[in-house]
Amino acid sequence: SISIDREFAAMTQYLKDNNYVGNSEENKSIFLFGGSDKKLKKDYDIKAIPMYFLIDPLGKFVASPAARPSQNIEKTFYDILNPGEKKSGLIDPDW
């Protein structure tokens, strides 16, 4: 995660308040502080907060923007793992 809070203290307080600080198995997230850097917002075309991106292990964007984890992100993973599978629907594009 990249925070675009104006103040570093605001980000760290959020992390503390929401139990993101610690070494437990649940706290495997990485948070970076971007501040109010306009270049960061422009480079990643950030239009809303929060905004999600799905990035592969090589650092390539797979989905930009991506669905929230709570908004059926599993479908995105399924589509990535099954690229040739026909989608269900009324119209068959190969017909």
Side-chain angles (χ1 to χ4, degrees):
S1 296
I2 300 174
S3 169
I4 56 174
D5 286 302
R6 290 184 184 145
E7 298 176 10
F8 184 75
M11 181 191 79
T12 56
Q13 188 61 50
Y14 172 84
L15 296 176
K16 288 177 188 173
D17 292 347
N18 291 281
N19 298 317
Y20 285 109
V21 178
N23 293 324
S24 71
E25 285 296 313
E26 295 132 25
N27 295 324
K28 293 212 174 204
S29 299
I30 297 172
F31 288 87
L32 304 173
F33 180 68
S36 57
D37 183 353
K38 291 180 183 177
K39 183 175 177 356
L40 177 72
K41 293 176 191 174
K42 183 181 176 211
D43 288 350
Y44 291 96
D45 197 26
I46 296 172
K47 304 279 189 217
I49 299 171
M51 190 165 178
Y52 297 88
F53 302 96
L54 184 58
I55 304 170
D56 75 8
L58 299 175
K60 294 182 181 177
F61 283 79
V62 176
S64 174
R68 291 174 177 251
S70 62
Q71 292 180 322
N72 201 15
I73 190 72
E74 292 86 1
K75 181 187 177 318
T76 302
F77 291 128
Y78 183 86
D79 291 345
I80 291 166
L81 295 172
N82 301 286
E85 186 174 300
K86 288 185 181 181
K87 309 291 186 246
S88 63
L90 297 176
I91 299 173
D92 184 350
D94 297 329
W95 189 58

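Start at 1 with the first residue, then count along the sequence.
The cluster map of Ile, Leu, Val, Met, Phe, Trp and Tyr, joined by side-chain heavy atoms under 4.5 Å apart, puts I46 and F61 in the same cluster. No continuous path of hydrophobic side-chain contacts links Y78 to V62 [ILVMFWY only; heavy atoms under 4.5 Å].
With rounding to the nearest 0.5 angstrom, the CD1 atom of I4 is 13.0 Å from the CG atom of L32. If you take CZ on R6 and CG on D37, they are separated by 13.5 Å, rounding to the nearest 0.5 Å. Once rounded to the nearest 0.5 Å, the distance linking CE of M11 with CD1 of I2 reads 11.0 Å. Atoms CG and CD1, on D5 and I49 in that order, are 8.0 Å from each other to the nearest 0.5 Å.
Salt bridge K75/D79: present, at least one basic N to carboxylate O contact under 4.0 Å. Using a 4.0 Å cut-off between a side-chain N of Lys or Arg and a carboxylate O of Asp or Glu, K39 and D43 qualify as a salt bridge.
Residues L54 and I80 form a side-chain contact, since some pair of their non-hydrogen atoms from C-beta on lies under 4.5 Å apart.
When all heavy atoms are compared, the tightest approach of D45 to M51 is O-CE, 3.5 Å. Considering every non-hydrogen atom in both Y52 and A67, the closest pair reads CB-O, 3.9 Å.
Taking the six-membered ring where tryptophan is involved, the planes of F8 and F33 are perpendicular, since the angle between them exceeds 60° and thus also 30°.
At most 12 heavy atoms of other shown residues, nucleotides or ligands fall within 6.0 angstrom of atom OH in Y14.
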